[in-house]
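Have a look at the structure below before the remarks.
A note on names: the letters A, B, ... follow the listed sequences, proteins ahead of strands, and every chain is numbered from 1.
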Number of protein chains: 2
Amino acid sequence: MAMPKKTKNTKKTSPALQERSSRKTIIDVAKCAGVHWSTVSRGLNPEKRHLISPEMIERVEACAKKLGYRANAMASALRTQRSRTVGVIVSNLGDPVHPPIVRAIEDRFAEIGYVTIVGNTDNHPLRQAALIDRFIQQGVEGLIVATFERNDPGIAACVEANIPVVAVFRDPESEFIPSVRVDDAKAMELAVHHLAECGHRQIAHVGGPQNVSTGYHRYRGFRRACKVLAQDGVTPTAVFGEAFTVEEGEFACERLLAENPNITAIVAGNDMLAVGCLRHLRNRGISCPGSISLVGMNDMLFMDAIAPALTTISTPTAELGTQASHILIAMIKGTPVQNDRIVLKPVLLARDSVAAIKLPTKTRSSDFSDAAKREVRIRHRES
Amino acid sequence: MAMPKKTKNTKKTSPALQERSSRKTIIDVAKCAGVHWSTVSRGLNPEKRHLISPEMIERVEACAKKLGYRANAMASALRTQRSRTVGVIVSNLGDPVHPPIVRAIEDRFAEIGYVTIVGNTDNHPLRQAALIDRFIQQGVEGLIVATFERNDPGIAACVEANIPVVAVFRDPESEFIPSVRVDDAKAMELAVHHLAECGHRQIAHVGGPQNVSTGYHRYRGFRRACKVLAQDGVTPTAVFGEAFTVEEGEFACERLLAENPNITAIVAGNDMLAVGCLRHLRNRGISCPGSISLVGMNDMLFMDAIAPALTTISTPTAELGTQASHILIAMIKGTPVQNDRIVLKPVLLARDSVAAIKLPTKTRSSDFSDAAKREVRIRHRES
DNA sequence: AGTTTCTTGACAAACGTGTGCACGGGAATG
DNA sequence: CATTCCCGTGCACACGTTTGTCAAGAAACT
């Protein structure tokens, strides 16, 4: 095993190691430049570069470039305990809400030389736990998680591992971690008030799963808005899908109409559910917005192109990702974070799926409508 | 966590290292189990476990669980030269074609315990090069790239680094790397033949950028199909957007109609461009499919919900990702790959954006139409 | 009983990099 | 000219694993 001189000692190493044919190391560069490799290390590290003479830096860099040297991030990470890696966990990349968030996060972290790894949970708590575990094993410096439920046990796993984590999109309402979300309740209030302004009174909610904050808060916002407007005659109804999917929306809408044939407007928990509602309405030959008005949420891609163009509540998804990244970056650097509980404001986009209701033709009705409208506007403004 | 006895030697280490407060190592487990750490390593490694007695394995596993031990992937990767990491490069995660591909890849690699890192190039060659470089530095065992242009210099960088890479979606037509794509030319042929069957003769192509294989091959397919049908009177026209976006589609459609007011059908390079066309048609008050028929490509999400429901060519995006993953996994394992040049078949989905053309009201016209129709069907079947 | 075979666990050498410390030489100062 | 100081470089250890080698003990065979 004592090799004569400098025959690379790939004798004893395992066959797996052999195949890394030609990756250059810091030692190769040092040999080329005729210096010690610690000098190379310093010369190539911007933070320690000031310890090295300029012409030496130049020599080292020339050799590095000539040899096509690429630093081994794993070795560096092992030594420094900084992997320059962050993890992003979403329920399903195929859900059009998530890609813009992930995209923004990747952008923010690419700017500081970090790499982003992603994982999907499909809303399975066990898969989430497994994912968090794998990511921590992998050495991520931080985690941005879009799948936390309220009081999610996954949070404990993260804080126990002492790894910075920020919740995005969904709010686990945990005192232990920062979160960036959109005001889901407010969004639904905007929707209900908008419908009330248009004269609707029999308003239904086609909600999503209630065990996640988005579904839960949207339903609560819906109820609260209806309560506030109860004196104007607004009466709420609600059905729920088991997931935020088109199919669940379609099915929920069917149940809704079977039990409440007299509703005139639907506030969907998100655009997927709204599209499902739309599909059911079309299948039943019910006109939207002619007979039933519809409001979605999130303003997913193409929502302005569907028929009718969907009135919806826009969610600043990219901003969600950016803000979460800013917080996580601060946590990683150890900088104190100024505001670690960010709630972004949703905005209503009035398009074509909501129509003013055809009120019963009484003489007083229009007066009442106008009064209600004014009342609504005032409340709307105040909140 | 403050250990009374065995103060870990964090004296000489840098402050950065101090903060890894409590991550347990293989040594902690060994100490707990009262054995040498190499025994722990083997006991926890399924492949070497057979070298250790069963009750020892049990003891080690118990200690590992008790201490909450998590293997340090970076150290393992450094030693074994296997990072259990793959990279995926797309142009833009915000483009709805990509998420299903990435999702499928993540699924396939999660199954074998690999982690997936993603990056966006926005179609900038320099950003792609930088990304490939960073990923290789990071130690990815393989790369799946959806952004390769024809004869892309990025390929050379990968093969030079001796790292397995497979192209997906776009085909760089390189002899050096495997690829998985959809038959873009065939897709456009399907579209043109479908339109011809419906009586269209003045058919235009609103294509995407010609420097990427998708845009290029789709245009070629379009031209080829028109040539085949030239004897039936099919005459082609084409304009191109500078990117596969709604805005470019809208703008290109405007130019198209300005110069060719007599066309009756448009084959768009993808659904984004198609939606852009639709938007322009609506703005101009031109009915689709009443006056102009439209075919898209990729069957992106919600294409069945827009108005009119878009006739389009479906691309098996998830299958694209899965097949690419299979190939890459084989390459990583060193297994020979059976077929490294996979071309998936596109399928036409006939919906509402294509209508049979209203032919000039001559007596012979219907005969001609029928004849053409028959003719087209025959050709269609043969290909 | 002695020798061989087999099992089991310990030892130590890497993987490639970062960094505290020591050392050498030249400049500056007395 | 001698001493001090400082700047640039080399040295060696550590980060946490994996794994070839080997010694010690038990079991089996001659």
Side-chain angles (χ1 to χ4, degrees), chain A residues 1-3 8-20 23-31 33-57 59-60 64 69-84 137-139, chain B residues 8-20 23-31 33-57 59-60 69-84 137-139:
Chain A
M1 48 216 63
M3 44 232 57
K8 290 207 187 67
N9 49 356
T10 47
K11 289 278 179 56
K12 288 179 61 178
T13 52
S14 76
L17 301 194
Q18 307 265 20
E19 75 183 28
R20 61 148 189 82
R23 184 157 183 179
K24 296 292 182 291
T25 77
I26 210 173
I27 297 184
D28 296 316
V29 179
K31 224 171 274 176
V35 295
H36 198 264
W37 37 273
S38 63
T39 306
V40 175
S41 173
R42 281 187 256 260
L44 261 27
N45 183 341
E47 297 198 28
K48 308 287 175 182
R49 187 169 294 176
H50 63 95
L51 296 171
I52 305 291
S53 66
E55 75 269 9
M56 178 62 78
I57 292 180
R59 185 145 55 110
V60 167
Y69 168 74
R70 261 189 275 258
N72 184 326
M74 290 171 293
S76 173
L78 177 60
R79 177 63 172 107
T80 62
Q81 301 291 9
R82 316 195 67 236
S83 62
R84 304 179 81 76
Q137 269 199 30
Q138 200 64 26
Chain B
K8 294 206 185 64
N9 51 354
T10 48
K11 287 279 179 53
K12 286 181 62 179
T13 52
S14 76
L17 301 193
Q18 306 266 17
E19 75 183 29
R20 62 151 187 81
R23 182 156 184 179
K24 296 293 182 293
T25 78
I26 210 173
I27 296 184
D28 296 315
V29 179
K31 225 170 268 177
V35 296
H36 198 265
W37 31 277
S38 63
T39 307
V40 175
S41 173
R42 281 190 252 262
L44 261 27
N45 183 342
E47 295 197 30
K48 309 286 176 182
R49 187 171 292 175
H50 64 97
L51 296 170
I52 304 292
S53 66
E55 75 267 9
M56 177 61 77
I57 291 180
R59 187 146 54 111
V60 167
Y69 168 74
R70 263 189 274 258
N72 184 325
M74 289 172 292
S76 173
L78 177 60
R79 175 60 228 248
T80 62
Q81 301 292 5
R82 318 195 66 235
S83 63
R84 304 179 81 73
Q137 269 199 32
Q138 200 65 26

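Between A:L51 atom CG and C:dA22 atom C1' there is a gap of 15 Å when expressed in whole angstrom units. Taking atom CD1 on A:I27 and atom P on C:dG18, their separation rounds to 12 Å, with Å as the unit. As rounded to whole Å, 12 Å separates atom P of C:dC21 from atom NZ of A:K48. Taking atom CG of B:L78 as the reference point, atom C1' of D:dC15 lies 9 Å away to the nearest angstrom. Atoms CG (A:N72) and P (C:dA14) sit 18 Å apart, rounded to a whole Å. Following rounding to the nearest Å, B:R49 (CZ) and C:dT8 (P) show an atom-to-atom distance of 15 Å. As rounded to whole Å, 14 Å separates atom P of C:dG9 from atom CD1 of B:I26. In this structure, B:I52 places its CD1 atom 8 Å from P of C:dT8, rounding to the nearest Å.
In this structure A:S41 satisfies the side chain to side chain contact (heavy atoms under 4.5 Å, CB included) test together with A:I26, sequence neighbours excluded.
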**Report entry** A:V60 vs A:L44, side-chain contact (heavy atoms from CB on, under 4.5 Å): CA-CA, chis, key distance, verdict
**Finding:** CA-CA 8 Å; A:V60 167; A:L44 261 27; 3.5 Å; yes
Query raised in the report: Are B:M74 and B:L78 close enough, and set up right, to give a side-chain contact (heavy atoms from CB on, under 4.5 Å), and what steps lead you there?
Result: CA-CA 6 Å; B:M74 289 172 292; B:L78 177 60; over 6 Å; no
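Listed pair B:S53 / C:dG9 meets the phosphate criterion, a side-chain N or O lying under 4.0 Å from OP1 or OP2. Between A:Y69 and the phosphate of C:dT17, there is a side-chain N or O to OP1/OP2 separation shorter than 4.0 Å. Side-chain nitrogen and oxygen atoms of A:Q81 include at least one within less than 4.0 Å of the OP1 or OP2 phosphate oxygen of D:dG16.
With DNA chain D read from its 5' end, the first of the two nearest nucleotides for B:M74 and A:H50 is the one closest to A:H50.
Residues A:V40 and A:V35 are in side-chain contact: their nearest non-hydrogen atoms beyond the backbone lie under 4.5 Å apart.
Between the side chain of B:R59 and the main chain of B:P54, no donor-acceptor pair closer than 3.5 Å is present. Distance alone, capped at 3.5 Å, places no donor-acceptor pair between the B:N45 side chain and the B:R42 backbone. For the pair A:R49 (side chain) and A:G43 (backbone), a donor-acceptor distance under 3.5 Å is present.
Residue A:A71 is in sugar-phosphate contact alone, with no base atom involved, counting any heavy-atom pair closer than 4.0 Å across all strands shown.
Taken residue by residue, residues 35-47 of chain A places heavy atoms nearer than 4.0 Å to DNA chain C at A:W37, A:S38, A:S41, A:R42.
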